[in-house]
Amino acid sequence: MKLVVFTILFGGFLFSQTACVANPIMLIPLRFTLKVIDIPCADVVDSIVADLNQRDIPAEWINEEEGILAVGPVMEGSGGVYSKIQHSYELSITCSNELSTSISGKAALEGLNTDNKWESITDVQTVEDVALKFLRSLVP
């Protein structure tokens, strides 16, 4: 039996600038914890990485020993204010014990506006809709 617990807390956002000055990306702490229980932690990590590879989504360990995984960018059509949205993540995957995995992280979302320019997306509703949909797709 597996049990997945997903908690999202969108309190006040803390913004941090990363990347080079020419192309700043807003990494937004998602303030979420995704917990997978009753599945070996190593299997959860392997499943996430294998799923990303199978879906041709770029993923690279920033620090494998600390469980920090860079994911993306993921490109998708929006159908809303933006014609396209690209999103990237910095996930922190930790094993509380052999059968308990916690995933938390940050997201960077950009939307292609009507002027064909990429702009950072920071509104809670869009971040929640796009990021949560993607993160839920990672659960084994």
Side-chain angles (χ1 to χ4, degrees):
M1 175 169 122
K2 78 173 183 177
L3 174 64
V4 177
V5 180
F6 193 72
T7 305
I8 299 286
L9 301 173
F10 274 101
F13 283 116
L14 297 175
F15 299 101
S16 62
Q17 294 279 5
T18 61
C20 63
V21 177
N23 186 20
I25 295 176
M26 300 293 285
L27 275 176
I28 302 169
L30 290 177
R31 298 177 192 257
F32 72 89
T33 301
L34 171 64
K35 291 189 180 257
V36 182
I37 301 169
D38 288 341
I39 299 175
C41 187
D43 292 352
V44 172
V45 173
D46 292 344
S47 173
I48 290 171
V49 173
D51 180 58
L52 292 168
N53 287 334
Q54 183 178 11
R55 293 163 53 188
D56 290 325
I57 297 173
E60 182 178 339
W61 288 105
I62 295 172
N63 186 328
E64 192 168 2
E65 286 190 19
E66 292 184 16
I68 301 173
L69 181 66
V71 177
V74 178
M75 185 76 67
E76 62 185 60
S78 168
V81 175
Y82 305 102
S83 60
K84 291 183 182 179
I85 293 179
Q86 68 178 12
H87 41 112
S88 301
Y89 303 87
E90 184 179 293
L91 302 177
S92 178
I93 305 170
T94 55
C95 299
S96 305
N97 59 52
E98 186 179 319
L99 294 176
S100 180
T101 308
S102 296
I103 304 168
S104 60
K106 300 175 186 175
L109 281 75
E110 293 181 299
L112 190 61
N113 65 21
T114 55
D115 295 329
N116 265 353
K117 294 183 181 177
W118 290 100
E119 62 182 46
S120 292
I121 300 173
T122 58
D123 70 274
V124 173
Q125 188 63 47
T126 304
V127 172
E128 190 173 72
D129 291 346
V130 173
L132 291 181
K133 178 182 168 189
F134 176 74
L135 294 169
R136 285 184 180 133
S137 76
L138 297 178
V139 176

**OP:** Please tell me if the side chains of Tyr82 and Glu110 come closer than 4.5 Å, counting only heavy atoms from C-beta onward.
**Re:** no
**OP:** Carefully, step by step, assess Thr126 and Val81 under the rule side-chain contact (heavy atoms from CB on, under 4.5 Å).
**Re:** CA-CA 10 Å; Thr126 304; Val81 175; over 6 Å; no
Original post:
How close do Trp61 and Val49 get, heavy atom to heavy atom, and via which atoms?
Top reply: CZ2-CG2, 3.9 Å
Subject >> Remaining members of hydrophobic cluster (4.5 Å side-chain criterion), Ile68 >> reply: Ile62
Original post:
Does a side-chain heavy-atom distance below 4.5 Å link Leu135 with Leu91?
Top reply: yes
**OP:** Determine whether Glu76 and Phe134 make a side-chain contact, defined as any pair of heavy atoms from C-beta on separated by less than 4.5 Å.
**Re:** no
Original post:
So do Leu69 and Leu52 actually touch side chain to side chain, heavy atoms under 4.5 Å?
Top reply: yes
Original post:
Do the non-hydrogen side-chain atoms of Pro40 and Leu99 ever get within less than 4.5 Å of each other?
Top reply: yes
Subject >> Closest non-hydrogen atom pair between Pro73 and Ser88, with its separation >> reply: CA-OG, 3.3 Å
Subject >> Atom of Ile57, atom of Gly72 and distance for their closest heavy-atom approach >> reply: CG2-N, 4.2 Å
Original post:
Pairs in or reaching into residues 55-75: which pass salt bridge (Lys or Arg N to Asp or Glu O under 4.0 Å), with residues at least two apart or in two chains?
Top reply: Asp51-Arg55
Original post:
So do the side chains of Leu138 and Ile103 get within less than 4.5 Å of each other, counting heavy atoms only?
Top reply: no
